[in-house]
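Below, each value reflects all heavy atoms present in this structure, side chains not excepted, and no hydrogens, waters or symmetry copies. Labels below follow one simple rule: chain letters A, B, ... track the order of the sequence lines, proteins then strands, and each chain is numbered from 1.
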2 protein chains.
Amino acid sequence: MRYSNLKITLSEVGMPRSIKLSDVAQHAGVSVPTVSRVLRGVPNVAAELRERVQHSVKELGYQPNRLAKSLREHRTGIIGYLSAGNIATFHHILGQGIQNAALDHGYAVITGHGSTLEREMTYAKIFESYQVDGLIITPSSNSDPYIEELAQHIPTIEVDRTFGAYSRHTVLLDNYTALGDAVDHLTELGHHSIGLIYGNAPVSTEVERKQGFLERMAHHGLDVHPDWLISDEYSEEGGVRATHHLLDSGLHVSAVIVTTNEMLAGVVQALRSRNLSIPHDLSLIGMDDTRWARMMEPPLTVIAQPAYEMGYEACRLMIRSLEKAEFDDATPVVHRLPARLMVRSSTGPPKEVDLMVQ
Amino acid sequence: MRYSNLKITLSEVGMPRSIKLSDVAQHAGVSVPTVSRVLRGVPNVAAELRERVQHSVKELGYQPNRLAKSLREHRTGIIGYLSAGNIATFHHILGQGIQNAALDHGYAVITGHGSTLEREMTYAKIFESYQVDGLIITPSSNSDPYIEELAQHIPTIEVDRTFGAYSRHTVLLDNYTALGDAVDHLTELGHHSIGLIYGNAPVSTEVERKQGFLERMAHHGLDVHPDWLISDEYSEEGGVRATHHLLDSGLHVSAVIVTTNEMLAGVVQALRSRNLSIPHDLSLIGMDDTRWARMMEPPLTVIAQPAYEMGYEACRLMIRSLEKAEFDDATPVVHRLPARLMVRSSTGPPKEVDLMVQ
DNA sequence: TTGTAAGCGTTATCAG
DNA sequence: CTGATAACGCTTACAA
C-alpha cells in the first residue's frame, strides 16, 4: 500500500493522521506543555501526571516531530559531511566513523561527496538550507571561498585534509611520522636511494607526506635527488605514469614509497609490465591497508590509516563543541592520529646489500 | 570564530541574525506571502513586484529555511537510506548512486548502515522523527517487522535485496541471468562439475543466485551433487572454510563460482594455501568487479554488478513515486538490472579437456 | 506544579 | 493581484 492511498484511506475512515503532542495531552488529560516537559525530562512535574503521560505516549505510539522541535529550538541534530575525497575505500570508512559517532550521540548525518567544486557548492547550499548544526569537511584543495564563508556561520571542523590555517578543530593523520616510519623501515633494510610517488593535487595530505619523507631522509643523512620525487594524477593511470617516469630517469632507486592507494595500484601494474620483481628489484611501500594490498602477490607493506577512528573522532569533536560552549571557545584542537606501518613482503633488502653480503 | 561567539556578537551589534522572508518583504516593500509566491514561482504576481522581490532576495542573500517549509508542507525532501549491507565496496557505491540521484533531483539523503537489528531500528526511528519523505532499504534478512510497519506509513522501496513480497518498488540485480551466464561460460570451456560457494544469510540475493545456478546447470543437463553447494558465513573466513569443505568432500569439481566478494577473497586464500593453481587446477568465478579482483594474479573472472546504477535507479524510482501520484498507485515495479560477466584469466578449460585435446 | 499564550519561518486560505 | 490571518507541531516565557 502506498502512502497516498493510505492517507486517503485514513481520512476516509476518520482515523487520526499522525499522533502529535496534543493527542497525547488529550489522551492523558493534561496540557500540551506538560507532555512536552515529561518527554524532555524537565524535573518539576508531579509523579502521577508523569506516569499518565508516559502511559499515553506508549499507548498511542507517539513519535516526536523533529521538524517542529528543530524550528523552535534552532537546532536540528543534523551534521553535514562534505567529502571532497574520491570514492575510495578510505573515505567511505571515514564516513562510516562519522555516521556511527553521530548515531551514538543522537545526531544524523547528511553526506555529500563533492568531486567537483560545483557539486561541493550545491551540497553546501543544501546543508545550509537544512539548517545543519555543524559541518565536517574534507577539503578538495587548499582553499575554497564558499566553504570558508559557510564556516563563518556554521561550526565547521576539518578531517583528513586541512586548509592549513588551523583555525578550526581538525582531525588528521600524523602524516609526518607515518612517512618517517616508512623511511626508517627502508633504511633499516639498507636502502639509501628511495623514490617518492605522490599525488599532484594541492591538498594538505600530499604536502605533509612529502615533507615527512624529506625530513626523515635528511635526518638519516640521505640525499634525495629531485628526480626521485614524482608527482602525478591521483589515479591508477597517474601511478603508472609516475613509475615509468621514475624508472626512465636513469637514476637508480632501490625502493619507492607511494602516498596514495589509487596510485599504488598503478605503480604495481607498471612494475609488472616492466617485469620487475617486488621486493627483489624494488622495495615498495604503499598507502592504506586495503584488501587488495593484502591479497597481492607479494602482500604489500603499507601505511595503514585509522580511517574509521578519524571519522569517529572528528564527529565526536564536532558534537562536543556543539554541546559544550566552553570547549567551543577554547583554542582549536588539532588532533593527529597515528598511522601504523604494516610490514609485509613487498619490502626487503636492496640488491646491492645482497651482493655485499654474499 | 565559532557560532556561539558569532551569535553573541551579532546580537550585541544589533545585526539581524538570519535573513527570513519577512526581512525580504520589508526590504522590497511587499507582504510576506508575496515574497513566498515569487520564490515559488506562483504565476499571478505583478512583474514589477516580482522584480523588486528578486532584487531584495539577492541583495540580502536570503536562504530559505527548509525546516519551516517542511513543517508547513508536510514534506522534507529528505530520503532515508537504510543499508543493512556490510561496509563492502558494493554497498558504498550503491549508496553513492542513491546520493547522486537525490542531489540531482533536489533531495538529500540520511544514510544509516545497520549491521544489527537494533541499529536498524534505531535508524528507522531517526528517519521517522526526521519526517523523511521516503525510505530506501537493503534488508538484512527476509523479514523485519519493524521495517514492515514503518513501510506502512512511509513510501518504501527495496534495493539490492528484497523481502520477497514484491509489494513495493524494487531494484535488484538480475541474479538468475548473472549466475546463468557464469555457468554458460564454464560449460563452454568444458566444465561439467561446478561448485557453488555462497553466503548462508537468509537474504534474497543468495537465494536467487543459488537458484539461477541450479536452473542453468539443469538446463545444460548437468547434475549438481548436493556437496557441491557450500554455504558459509558472509566473510573471508567463511570463504576459506567453504573452500576446504568443498575440496575435502572427496568429490571432484573443476570450477567454482563464489557469490560474494568477501567470501571470494577467502576462497583465493584457501586455494593458495593448498597450492592449487588458478585456473589450471580449478577455474574460479567471483562476484563484484573490485580492484583487488583485477589486481590479482591471475586477474579474476567476475560477475560485475552495476552498483552505482542500481542505487541511482532506486532513488530515481523513489522520487518519481513521491512526485507522481499516478505512478505511485500503479502496480509495484520490480526492476532487474543486468550483470556483466568480466572474463579474465581465472577461468580456463578443465584439466580433463586438456588431456583429451592433447 | 500546571496551563495559557506566543512564537519559530514558512505556506495556504480568504477577503479585499 | 495582493495582503491579513491562521496553521504546521513543538518549546518557552509567563501567569495562575
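Partners of E73(A) by salt bridge (charged side-chain N to carboxylate O under 4.0 Å, His left out), not counting sequence neighbours, listed by chain and number: K69(A).
Judged as a ring-ring contact (aromatic ring centres under 6.0 Å, His included), the pairs with a partner in residues 120-142 of chain A (not counting sequence neighbours) are, in order, Y123(A)-F127(A). Sorted by first and then second residue, the salt bridge (Lys or Arg N to Asp or Glu O under 4.0 Å) pairs with a member in residues 45-56 of chain A read E48(A)-R52(A); sequence neighbours excluded.
Distance check, rounded to the nearest 0.5 Å: CG of L71(B) to CZ of R66(B) gives 14.0 Å.
Aromatic rings of H92(B) and H91(A) (six-membered ring for Trp) have centroids beyond the 6.0 Å cut-off, not under it.
In DNA chain D, runs of at least 3 stacked Watson-Crick or G-U pairs (N1-N3 plus N6-O4 or O6-N4, or N1-O2 plus O6-N3, all under 3.5 Å) give these stems: C:3-16 with D:1-14.
Within residues 49-59 of chain A, no residue approaches DNA chain D, by heavy-atom distance under 4.0 Å.
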I'd like to know whether E313(B) forms a salt bridge (Lys or Arg N to Asp or Glu O under 4.0 Å) with R316(B), so could you lay out the CA-CA distance, the side-chain angles of the two residues, the decisive distance to 0.1 Å, and finally the verdict. CA-CA 5 Å; E313(B) 173 62 12; R316(B) 212 183 53 81; 3.2 Å; yes
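Using a distance-only test at 3.5 Å, with no hydrogens or angles considered, no donor-acceptor pair links the side chain of T138(B) to the main chain of R161(B). No side-chain donor-acceptor contact under 3.5 Å links S129(A) to the backbone of N65(B). Using a distance-only test at 3.5 Å, with no hydrogens or angles considered, no donor-acceptor pair links the side chain of D133(A) to the main chain of I79(A). A donor-acceptor pair is defined here as one N or O able to donate and one able to accept, closer than 3.5 Å; such a pair exists between the side chain of E158(B) and the backbone of F163(B).
Of the residues near DNA chain D, L71(A) and V30(B), the one whose nearest nucleotide (by heavy atom distance) lies more toward the 5' end is V30(B).
In this structure, L67(B) atom CG and dG9(C) atom P are separated by 10 Å, rounded to whole Å.
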Go along nucleotides 10-16 of chain D 5' to 3' and tag each nucleotide: B for a protein heavy atom under 4.0 Å from its base, S when only backbone or sugar atoms are that close, - otherwise. BBBB---
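Of the candidates dC1(D), dG9(C), dT1(C), dC1(D) carries the atom nearest the N44(B) side chain, counting heavy atoms from C-beta on.
Taking only side-chain nitrogens and oxygens, T34(B) never comes nearer than 4.0 Å to OP1 or OP2 of dT2(D).
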